[in-house]
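Below is one structure, written out as structure tokens, with a few remarks after it.
Basis for what follows: all heavy atoms, side chains included, without hydrogens, waters or symmetry-related copies.
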Amino acid sequence: MRTPALGPAERGEALARMADRELDVLVVGAGVVGAGTALDSATRGLETGLVEARDWASGTSSRSSKLIHGGLRYLEMLDFALVREALKERGLLLDRIAPHLVKPVPFLYPLKHRVWERLYAGTGVALYDAMSISSGHGRGLPVHRHLTRTKALQVAPCLRKDALVGALQYYDAEEDDARFVAMLVRTAAKYGAHVANRARVVGFLREGARVVGARVHDLEQGGEFEVRARQVVNATGVWTDETQALIGERGQFHVKASKGIHLVVPKDRIHSSTGLILRTEKSVLFVIPWGRHWIVGTTDTEWDLDKAHPAASSADIDYVLKHVNEVLAVPLTRDDVEGVYAGLRPLLAGESEATSKLSREHTVAHPVPGLVVVAGGKYTTYRVMAKDAVDAAVHGLDRRVGPCVTEEIPLVGAVGYKALWNARARIAVRVGLHVARVEHLLNRYGAVAQEVLELIARDPSLGEPLGGADDYLRAEIVYGASHEGARHLDDVLTRRTRISIETFDRGTRSAREAAELMAPVLGWGREQIDKEVQHYEKRVEAERESQRQPDDLTADAARLGAPDIIPL
């Protein structure tokens, strides 16, 4: 089965097909849950459409902690079912669904108290490992181990000696969240789903009380059209309430947004061979290995301002630096911070107003005939959420539909990845790249890295590093536009790559070269290239300004100083 490209022509074709036939299922929102729902629906043989107002994963699903994990702290809350479910999904992703994208990562938990804390925390981590193994999909990860202070400092020399009396080390997994969603979307398209970004739902079609489709505004080419569908799935995350309001009726639940911010610092600023997990008074703080960088976060605070561009304030940054510096022998400063990003978690509103106490579990509802709403949950359990959403939609169809099969469906790039990884040295010789470059491509694209290498074979200049961002090849920029649905410069620098958070200049040095590489694919002239670069530079400056503001209100106002390149 061919791997579909998601270039401009394919987007136009997908919109045309959605407009000229009745779908079985139309999914609104292409974050991880929406993309997973489209894949689940398409692999059950249903005629499926997926529309996204902005870009794949442009909201919450590109701004997470990049972890695939069971959630150790949910054990402390005695939420065993959620942890067991998440650990099973972690194992499936590592072993079968996305071994090219999801990788094991060790974490060190420093102990501050003798005996009782080791017993308490050790029991929790032992249970975590046991639940993972019992799921049938956790045997590929090492089990936890207890470390003395001397051994812990050998593993993580960055730690202050007085910050721990010993430690526990255990394993979880990490991934590039935006790249994962892009692969989910391509996999859904591979199985027949019609997918289009920059296509905003502006209203629902009704026949009496029943929802029978949606009105969609094509933000790229202009104009509105109708997409008729027997079932519509609202998978818009923190925008659930706003999308729900388009039908003019109250939903059965509300979704609140919790803001989490992360800092990105160079690898040499923290001397450690393992990630770290630390307790704060409000949440947990992770120090996560990320290529040649570390990701440090997160916070957990209520957010009721602009949802498209949540802003990190100066107070947020100080909070993260303060808590990580409590254990570091050489403290981090503002000058060490390469990138900052803020994301919103969609939490089901409960009795408590404290966002850290709201539900991380998900729910599915059928508020009116023809409309399914799915919300809440964790990134790790996206597949379970998608299954539940499609199960609910199937109840509204008058024919027999097969069960969920996504446990058995590898994402694009997974099949053949391990064989290519074993042959990476030989591939490097054949294509004339350093083996480290081939490893980089395989860990981002899996087996479809061969498509990127084909671009280089046709134009060897694409095998050169992108100016200002040496980790990425010029071919990756072209591929993002031609095969992965990138429509604007921001899509490539922020989500198809992570240049916007992995360089001190936030990608401004790479912007013009990247825009010029995208131009032939997307049909841009000089005027559009200039517009894309200027917009990106304004976006970066607005983000920097927001991070100098003392609180959420002023940070939000500063971030809104740079409008979207396409008004939504």
Original post:
Do Glu484 and Trp56 meet the criterion of a side-chain donor-acceptor pair at a distance under 3.5 Å?
Top reply: no
**OP:** Decide whether Thr236 and Thr243 meet the rule of one side-chain donor and one side-chain acceptor closer than 3.5 Å.
**Re:** yes
Is there a side-chain contact between [X] and [Y], using heavy atoms and a 4.5 Å cut-off?
| X | Y | value |
| --- | --- | --- |
| Val340 | Glu543 | no |
| Val216 | Glu224 | no |
| Leu101 | Asp176 | no |
| Leu420 | Gln450 | yes |
| Phe180 | Leu411 | yes |
| Glu174 | Ile295 | no |
| Glu407 | Lys387 | no |

Are there over 12 heavy-atom neighbours, none belonging to [X], within less than 6.0 Å of that residue's [atom1]?
| X | atom1 | result |
| --- | --- | --- |
| Leu553 | CG | no |
| Arg509 | CZ | no |
| Arg210 | CZ | yes |

**OP:** Not counting sequence neighbours, which residues clear side chain to side chain donor-acceptor pair (under 3.5 Å) with Arg63? List them please.
**Re:** none
Any side-chain to backbone donor/acceptor pair from [X] onto [Y]? Under 3.5 Å, distance only.
| X | Y | answer |
| --- | --- | --- |
| Thr497 | Val492 | yes |
| Arg17 | His194 | no |
| Ser313 | Asp316 | yes |
| Arg474 | Ser461 | yes |
| Thr299 | Ile261 | yes |
| Arg206 | Ala209 | yes |

**OP:** With side chain to side chain donor-acceptor pair (under 3.5 Å) as the test, would you mind laying out the steps for Asp300 and Ser258 before giving the verdict?
**Re:** CA-CA 6 Å; Asp300 195 351; Ser258 166; 2.3 Å; yes
Subject >> Trace of the side chain to side chain donor-acceptor pair (under 3.5 Å) decision for His309 with Arg559 >> reply: CA-CA 7 Å; His309 306 293; Arg559 176 60 186 87; 3.2 Å; yes
Subject >> Check: Tyr479 ring centre within less than 6.0 Å of Tyr445 ring centre >> reply: yes
Original post:
Does the gap between the ring centers of His488 and Tyr536 come in under 6.0 Å?
Top reply: no
Original post:
Does a side-chain N-to-carboxylate-O contact under 4.0 Å join Arg496 and Glu476?
Top reply: no
Subject >> Non-neighbouring partners of Ala515 that pass side-chain contact (heavy atoms from CB on, under 4.5 Å), sequence neighbours left out >> reply: Leu489, Trp524, Ile529, Val533
**OP:** Verify side chain to side chain donor-acceptor pair (under 3.5 Å) between Asp388 and His362, making sure each step is shown before the conclusion.
**Re:** CA-CA 10 Å; Asp388 290 348; His362 72 275; 2.8 Å; yes
Original post:
Do Asp55 and Arg495 pass the salt bridge (charged side-chain N to carboxylate O under 4.0 Å, His left out) test, and can you show the C-alpha distance, the side-chain angles, and the key distance before you say yes or no?
Top reply: CA-CA 9 Å; Asp55 183 29; Arg495 287 172 292 278; 2.7 Å; yes
Subject >> Where Arg498 and Trp290 come nearest, the two heavy atoms and their spacing >> reply: CG-CZ2, 3.9 Å
